[in-house]
Participant: 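This is the structure I want to talk about, given as structure tokens.
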2 protein chains.
Amino acid sequence: MSPPEGRLPNITVTQLEYLEAVGATPTWSEAASQLGVTISALSQGLAELERRVGLPLFERQGRRRRPTPAAEVVRTHAATVLASTRDVARWARATRQGHDGGLRVGMIDAAAIHHFPDALARFRSERPDVDLRLRVAPSGALLDELSRAELDIVVCVDPGDDDRLDRRALLEEELHVYAPGDLVARPPHDRPGPWVTFPEGSHTRAIIAAALAARGDDFEVVAESNQPEVLREMVRVGMGWSVLPTWVVAQADPGPPLRAEATPLAVRPLVAVRRAGALYHPGAEALFEVLATATAGTDQ
Amino acid sequence: MSPPEGRLPNITVTQLEYLEAVGATPTWSEAASQLGVTISALSQGLAELERRVGLPLFERQGRRRRPTPAAEVVRTHAATVLASTRDVARWARATRQGHDGGLRVGMIDAAAIHHFPDALARFRSERPDVDLRLRVAPSGALLDELSRAELDIVVCVDPGDDDRLDRRALLEEELHVYAPGDLVARPPHDRPGPWVTFPEGSHTRAIIAAALAARGDDFEVVAESNQPEVLREMVRVGMGWSVLPTWVVAQADPGPPLRAEATPLAVRPLVAVRRAGALYHPGAEALFEVLATATAGTDQ
DNA sequence: CCCCATTGTTCAGCATTACTGAAGGAAATG
DNA sequence: CATTTCCTTCAGTAATGCTGAACAATGGGG
């Protein structure tokens, strides 16, 4: 039906690295110096890549070059190949040195400090052989790093369906609307707000924005932070309203209590994610088991 | 946490092709001639690959070489990279020529001739723009071709969970035990058999073997075929018993009727499968919709 | 046991490829 | 108009990949 028909274009890892670099960098010069090659090499390498793919990947716009739609396809390919190559390289280095290279785990703050600190501790005591490295960051950053094979497993807000990800549900956090203490009594015809919330681009913010829009509320944002504790304190000092997981507020330190709406505004599903097709890592599988049992039956 | 740390090893597509070829071929000489290079080139190329990975991939055994466990890891990587590269190459060629390259569909016989001929016809009339190519073969062969990016979408027996596959359930076929007409009256303490069934390696055969083992029956096989119609006829002529989807027998042509056990022995789940991370193909998505609606509510 | 065909390695030589550095063109900036 | 920035092109060089031939090791057959 579709015999391999001759040999494949010898698209090199180097060329794909070039493509990734220019995609992540404003100018080619900068990309070149980050890669440690001359602009000349970069330019020629990308020209060669275009030739091998057989389609124009960049068009001139003034003195810069801008990727064509075709480049997007090849960039996706590059991401796949580079991630897999990084995996293999890391695995080979670790194997040479006789260990497994450690397990690089990414978690959002909620997971690291609230839901899974005990699970992590248990994992470390059960599997002292695994060299665990934890990175805490927002979901988006973690997923980026996962896709570049810089992390092995990530616990974050569900990013939704994606071919390249292997997702497993862990739990759902209820998100409640919190009002500054002195505003709780606002008559019901007043709309809530303004809001303090997560920065633009945050997965949780997207969930919140959608839920507020669905019930017809404005979403004027007057302050932003990725740290839920910071948001909680801003509400406390009267900056505005916020939507937070309940545990952030329950984790009460002294100060005036916040008032919440009784019913949750939305839920935030947390999932464990790996790259689809990632190298088998025994530690990753074991960690997932621990996370799954830690949440068994205990949503929230 | 894990900065890209320098550049990646420049493992080339060519080297990975060499690795794939020697894995699929008894001797390197043969692999070399299939690839259209000298053994010398193959040997040097694989040596270079070993150097770049940094681990021995082959050990000497007599005058042949046999892959180490490490090679298996790199072979998995090779499969990923080569499949993606084939996808890009094919897409690029199609794009240059101004079409989408066609939609290469694989189906097992049951899907092609029984469950989905109407769906296929409907798809062709709804989407005359899509150049549909159909290949009918057993599940295993189709999945191999899918993994090599020689097919875009496959309808086959559910191969089970796999990172690299994007599976969607379509329907479940009931498999019933059929006895030759003259043996139906065998007293119940006699065990059924001997059997005519699908060849070793068939997914369906595995399902049948497991179900028979579970109820304690022997599974002595006296005749094999991949074609269910052939199996049905063999039962008719008294070669033995078989386990078949009901439609094969219902599709009655003249001849003595077969007697079936009343309750199904097992079910055979059929799924639509694509490679995870495959290039977006609008036709594939559309076809899946048609298949899904064709089966909506109509299991069996 | 020796012969010998087969398999894979190594080496020298050649062709191709990838890179540097210098020169140059073309757009933005002032 | 001069200047800077950005990228391309070109020439030369280093690295890489391939062929063909010589060679070593193995296993099968007389």
Side-chain angles (χ1 to χ4, degrees), chain A residues 6-68 71 74 78 81-82 85 89, chain B residues 6-68 71 74 78 81-82 85 89:
Chain A
R7 298 280 291 284
L8 289 169
N10 187 14
I11 295 170
T12 69
V13 168
T14 305
Q15 285 159 6
L16 295 177
E17 280 186 287
Y18 289 179
L19 185 65
E20 186 182 67
V22 301
T25 303
T27 72
W28 288 22
S29 318
E30 208 170 318
S33 73
Q34 275 183 26
L35 289 163
V37 299
T38 60
I39 335 177
S40 178
L42 183 68
S43 174
Q44 295 178 68
L46 289 171
E48 185 60 30
L49 175 62
E50 271 184 323
R51 236 164 288 135
R52 295 190 183 174
V53 170
L55 291 171
L57 300 178
F58 300 95
E59 53 197 10
R60 314 195 132 75
Q61 177 178 35
R63 71 183 166 196
R64 6 198 91 190
R65 307 201 59 176
R66 141 178 106 179
T68 61
V74 183
V81 172
L82 293 176
T85 305
Chain B
R7 297 278 293 285
L8 288 170
N10 188 16
I11 295 171
T12 68
V13 168
T14 305
Q15 285 159 6
L16 296 177
E17 281 186 287
Y18 288 0
L19 185 66
E20 186 182 64
V22 300
T25 303
T27 74
W28 288 23
S29 317
E30 207 169 319
S33 74
Q34 273 183 30
L35 288 163
V37 299
T38 61
I39 333 177
S40 176
L42 183 67
S43 174
Q44 295 177 68
L46 289 171
E48 183 60 30
L49 175 61
E50 271 184 322
R51 234 165 288 135
R52 294 190 185 175
V53 170
L55 291 172
L57 300 179
F58 300 94
E59 54 197 9
R60 313 194 133 76
Q61 177 177 30
R63 69 186 169 197
R64 8 198 88 188
R65 305 201 62 175
R66 138 178 108 181
T68 62
V74 183
V81 171
L82 293 177
T85 305

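Please read all numbers here as calculations on a predicted model, not as lab measurements. Reminder, nothing fancy here: chain letters follow the sequence lines and each chain counts from 1.
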Participant: DNA chain D: A/S29 or B/G45, which has the more 5' nearest nucleotide?
Facilitator: A/S29
Participant: Check whether any side-chain N or O of B/S43 sits under 4.0 Å from OP1 or OP2 of C/dT9, and answer yes or no.
Facilitator: yes
Participant: Grab the CZ-P distance between B/R66 and D/dT26 for me, whole Å please.
Facilitator: 14 Å
Participant: Atom CD1 of A/I11 to atom P of C/dT17: distance rounded to whole Å?
Facilitator: 14 Å
Participant: So which atom in A/A21 and which in A/T25 form the shortest heavy-atom distance, rounded to 0.1 Å?
Facilitator: O-OG1, 2.8 Å
Participant: In whole angstroms, how far is the C1' atom of D/dG27 from the CZ atom of B/R65?
Facilitator: 18 Å
Participant: Identify each atom pair where a protein N or O and an N or O of nucleotides 11-13 of chain C are less than 3.5 Å apart, giving names and distance.
Facilitator:
| from | atom 1 | to | atom 2 | distance (Å) |
| --- | --- | --- | --- | --- |
| C/dC11 | N4 | B/Q44 | NE2 | 3.2 |

Participant: Ignoring backbone atoms, establish whether A/T38 has a side-chain N or O less than 4.0 Å from OP1 or OP2 of C/dT20.
Facilitator: yes
Participant: Can you check the A/L49 CG to C/dA18 C1' distance for me, whole Å?
Facilitator: 14 Å
Participant: Is B/E30 touching bases, backbone alone, or none of the nucleic acid, heavy atoms closer than 4.0 Å?
Facilitator: nothing
Participant: Below the 4.0 Å mark, does C/dC19 have OP1 or OP2 next to a side-chain nitrogen or oxygen of A/Y18?
Facilitator: yes
Participant: So, using side chain to side chain donor-acceptor pair (under 3.5 Å) as the criterion, who are the partners of B/R51 when residues are at least two apart?
Facilitator: B/E48
Participant: Provide, to the nearest angstrom, the distance between the CG atom belonging to A/L35 and the C1' atom belonging to C/dT20.
Facilitator: 15 Å
Participant: When you measure from the side-chain N and O atoms of B/R60 to the phosphate of D/dT26, is any distance below 4.0 Å, counting only OP1 and OP2?
Facilitator: no
Participant: Answer with yes or no after comparing the ring centroid distance for A/F58 and A/W28 against a 6.0 Å cut-off, counting only values under it.
Facilitator: yes
Participant: Just the rounded figure in Å: distance from C1' of D/dT26 to CH2 of B/W28.
Facilitator: 16 Å
Participant: With a non-hydrogen cut-off below 4.0 angstrom, is A/R52 in contact with a base, only sugar-phosphate, or nothing?
Facilitator: sugar-phosphate
Participant: Checking A/E20 against A/L82 for the side chain to side chain contact (heavy atoms under 4.5 Å, CB included) test, could you report, in this order, the C-alpha distance in whole Å, the side-chain angles of both residues, the deciding distance, and whether it holds?
Facilitator: CA-CA 9 Å; A/E20 186 182 67; A/L82 293 176; 3.6 Å; yes
Participant: Looking at B/R7 and A/E17, does any basic side-chain N land under 4.0 Å from a carboxylate oxygen?
Facilitator: yes
Participant: Could you state the CG-C1' distance from B/L46 to D/dG17, rounded to the nearest angstrom?
Facilitator: 13 Å
Participant: Please assess B/L49 against B/Y18 for the test side chain to side chain contact (heavy atoms under 4.5 Å, CB included), listing each intermediate value before the final yes or no.
Facilitator: CA-CA 9 Å; B/L49 175 61; B/Y18 288 0; over 6 Å; no
Participant: Report the distance from atom CG of B/L42 to atom P of D/dG17, rounded to the nearest whole Å.
Facilitator: 13 Å
Participant: Roughly how far, to the nearest 0.5 Å, is the CG atom of B/L57 from the CZ atom of B/R65?
Facilitator: 9.0 Å
